[in-house]
Every structure is written in structure tokens, then in C-alpha cells.
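Structure first, then comments.
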Amino acid sequence: LFEEAIAERRGMLPDDHVLMFAVRINRARVLVGLGRRAEARAALQEMIPRLEAKGAEGAQYLTRAREIAALADARK
């Protein structure tokens, strides 16, 4: 489902748009819940520096990504 949402948004939004990050962050949250922590961590490690570079525009998503990354690490 998330892959479909990402593919659909790619047709409408640039890859670094905050709404693209929102879908990816939600996907990572689901992966953590499913126990696929390594996959979630890899996705978040790729996203976090890109969100940091967005500054204020990406701040809310950066916070969420960091929270989910911490959750993924806590459930090792």
C-alpha cells in the first residue's frame, strides 16, 4: 500500500517534497510495528539527513522520523 502511495505521489511531487517524506515516515512506522526494524532504520537513515537539509520546512517530519528511529532502535 505504501509503495503504491509513494509511486502515485512521485507522479505529482518532487522526491524531496515534505509530503513524500510523510508517506515514507508512515511506512517506516508500520515496518517497526511489523518487526521489520532493520528495513525501517535503513529508510530513516536515508531520510533524516535530507530532512535536516530542508530546515524549517522539514522540521515536523524530522522530529517524527527521529522518534520512529529511536523506537526502531529500542526494539532491537
Side-chain angles (χ1 to χ4, degrees):
L1 178 67
F2 285 102
E3 285 77 13
E4 291 175 23
I6 291 168
E8 180 181 308
R9 281 169 178 71
R10 275 195 179 125
M12 299 181 288
L13 300 169
D15 200 45
D16 68 341
H17 193 281
V18 292
L19 295 178
M20 291 291 289
F21 287 113
V23 175
R24 289 187 177 118
I25 289 167
N26 287 332
R27 178 180 179 271
R29 182 181 334 153
V30 169
L31 291 172
V32 170
L34 292 173
R36 294 166 58 183
R37 296 178 303 276
E39 191 175 344
R41 276 193 297 275
L44 292 163
Q45 287 173 350
E46 183 271 330
M47 276 188 274
I48 288 173
R50 294 173 64 200
L51 284 165
E52 289 171 337
K54 295 197 82 55
E57 180 185 11
Q60 135 188 4
Y61 299 101
L62 176 60
T63 299
R64 287 176 52 202
R66 287 179 173 157
E67 289 169 353
I68 296 165
L71 183 60
D73 289 340
R75 293 188 179 185
K76 285 183 183 176

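Below, all heavy atoms of this structure are taken into account, side chains as well, without hydrogens, waters or symmetry copies.
- Without hydrogens or angle criteria, Arg29 side chain to Ile68 main chain gives no donor-acceptor distance under 3.5 Å.
- Val23 and Leu31 fall into different hydrophobic clusters, where Ile, Leu, Val, Met, Phe, Trp and Tyr side chains are chained together by heavy-atom contacts under 4.5 Å.
- Here the CG atom belonging to Leu62 is positioned 10.0 Å from the CD atom belonging to Glu67, to the nearest 0.5 angstrom.
- Atom CG in Asp16 sits 13.5 Å away from atom CE in Met47 (nearest 0.5 Å).
- Atom CZ in Arg37 sits 10.0 Å away from atom CG in Asp73 (nearest 0.5 Å).
- For the atom pair Arg27 CZ and Leu34 CG, the distance stands at 10.0 Å (nearest 0.5 Å).
- Hydrophobic clustering, with ILVMFWY side chains joined whenever heavy atoms are under 4.5 angstrom apart, groups Tyr61 together with Leu44.
- For the atom pair NZ of Lys54 and CZ of Arg50, the computed distance is 8.5 Å after rounding to the nearest 0.5 Å.
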Quiz prompt | Trace of the side chain to side chain contact (heavy atoms under 4.5 Å, CB included) decision for Arg64 with Asn26 | solution = CA-CA 9 Å; Arg64 287 176 52 202; Asn26 287 332; 2.8 Å; yes
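- For Ala28 against Ala40, the heavy-atom pair with the smallest separation is O-CB, 3.6 Å.
- Ala65 and Ile48 get closest at one heavy-atom pair: CB-CG1, 4.0 Å.
- The distance from the CD atom of Gln60 to the CG atom of Leu51 is 10.5 Å, given to the nearest 0.5 Å.
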